[in-house]
Amino acid sequence: MVSSPAHLAHDGLVEVMGGRAVPCFERPERITAIEAALADTSSYRLLPPSAHGLAPITAVHESALVELLEQVWADSVASGATDGAAPLIPDTFLVGPMAAGGYRGSGTAAPARLGAYCLDTATPIVAGTYAAARAAVDVALTAADLVLDGEELGYALCRPPGHHAAREMYGGYCFFNNAAIVAESLVLKGARRVAILDVDYHHGNGTQQIFWERGDVLYISLHADPARAFPYFSGHADEVGAGAGKGFNHNIPLAARTDIQAYAAALERACAIVDDFAPDAPLIVSLGFDTFERDPIADLALTTEDYARVGSIIAGLGRPTVLIQEGGYAIDAIGANAVSLLSGFGR
Ligand code: Q9C
Ligand code: ZN
């Protein structure tokens with residue numbers, strides 16, 4: 001289990017949802033609650049991350065995105081675009097005809113820079129955001145190192161999460177795509193087939209986009225049907241990849257209130273696809289607990305006990321596994337949900 005206190009400084013305060021500014025759902029207590037629950041069981045070792053540098057990040061993300069995230073807060077404070085208390089949330093988005101031909105605008109003002117790279121109004125940037133996002137990547141890569149060094153299971157307590165971040169886009173509470181960065185790092189270490197299984201409530205549009213034309217990285221996701229759920233514009237069953245990646249992207253959309261019976265059947269289908277693909281590197285799991293029955297922004301119906309079953313189905317693949325924390329916003333239950341999932345791995 002790997003985690004870093006650097007995430008504490010990414011505390012966005014507010015997001016804009018449904019036309020209202022509301023307290024961020026993606027908050028520091030999510031990870032401290034998991035840490036506390038794991039510490040209570042006293043059967044897990046909690047390790048700090050080791051620094052892996054920028055190269056694994058720029059292998060997956062455009063440097064323009066990395067530079068934006070690194071600089072925009074300080075630039076905005078210097079220019080007066082923020083008073084230093086208000087988080088940065090874009091108010092103008094580069095979409096449709098204005099974005100034609102890869103146009104990013106030449107604007108240097110913070111709204112122009114944010115709106116050219118950001119998906120939504122729920123992903124505020126504050127002073128500590130970049131350091132937290134960098135640390136989350138290190139947490140993920142360090143958990144993968146543990147598994148490469150022989151552990152059967154590594155759990156990366158990543159925050160901020162990653163699976164909505166695409167090659168040159170952030171959003172959906174995500175800045176760097178922790179799972180995709182781990183997958184690409186495994187390829188760069190010589191793996192020929194890497195599988196990412198995404199069990200977050202939301203479709204991982206970023207991970208899908210990054211590996212869309214790749215036959216060496218399988219992406220398979222179970223998530224709420226985008227007909228009703230964020231990110232709305234991706235996650236449909238007919239999105240199967242393109243070029244060399246055709247057939248290596250699988251989306252399994254789920255109905256509202258899906259319970260463990262239907263969920264387990266879908267997960268077993270997904271695991272069969274992973275098994276057929278026969279990865280030659282550790283399995284990467286994008287792990288969200290927003291499938292929980294009481295999650296405040298979601299509508300599936302898994303219980304705390306059900307996560308043991310989810311864990312045991314994934315463990316049934318019999319593969320070394322790196323769990324990468326994504327979403328999950330019921331803070332009073334997230335620790336118990338994590339402990340339950342790990343129990344399914346026999347831990
Ligand atoms: N009306 C993750 O779970 N807002 N991100 C949805 C719905 C964004 C979730 C608004 C949700 C992002 C990692
Ligand atoms: Zn989610």
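Along the sequence shown, residues carry numbers from 1. FYI, side chains are in, hydrogens and waters are out, and symmetry mates aren't considered; it's all heavy atoms of this structure. Atoms within a ligand are numbered from 1 in the order they appear, just like the ligands themselves.
- Side-chain N or O atoms of Arg319 include one that pairs as donor or acceptor with a backbone N or O of Pro279 at under 3.5 Å.
- His223 and Gly235 get closest at one heavy-atom pair: NE2-O, 2.7 Å.
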Q | Arg45 vs Glu151, salt bridge (charged side-chain N to carboxylate O under 4.0 Å, His left out): CA-CA, chis, key distance, verdict | A | CA-CA 12 Å; Arg45 269 191 317 153; Glu151 297 274 347; 3.1 Å; yes

Under 3.5 Å, N/O to N/O: give me all the pairs between ligand 1 and the protein, one per line with atom names and distance.
unit_1, atom_1, unit_2, atom_2, d
ligand 1, 1 (N), Tyr232, OH, 3.3
ligand 1, 3 (O), His202, ND1, 3.1
ligand 1, 3 (O), Asp290, OD2, 3.1
ligand 1, 3 (O), Tyr329, OH, 2.6
ligand 1, 5 (N), His164, NE2, 3.3
ligand 1, 5 (N), Gly172, O, 3.0
ligand 1, 5 (N), Tyr329, OH, 3.4

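- An angle of 80° is found at the Zn ion (ligand 2) between Asp290 atom OD2 and Asp200 atom OD2, rounded to 10°.
- Atom ND1 is the N, O or S atom of His202 at the shortest distance from the Zn ion (ligand 2).
- No side-chain donor from either of His203 and Ser221 sits under 3.5 Å from a side-chain acceptor of the other.
- More than 12 heavy atoms of other residues, nucleotides or ligands lie within 6.0 Å of CZ in Arg228, so this atom counts as buried by the packing criterion.
- Using a 4.5 Å cut-off on side-chain heavy atoms (C-beta onward), Tyr307 and Leu302 make contact.
- Residue contact annotation: His163 places no N/O/S atom under 2.8 Å from the Zn ion (ligand 2).
- Under a cut-off of 6.0 angstrom, the local environment of CZ in Arg269 is sparse, with at most 12 non-hydrogen atoms contributed by other residues, nucleotides or ligands.
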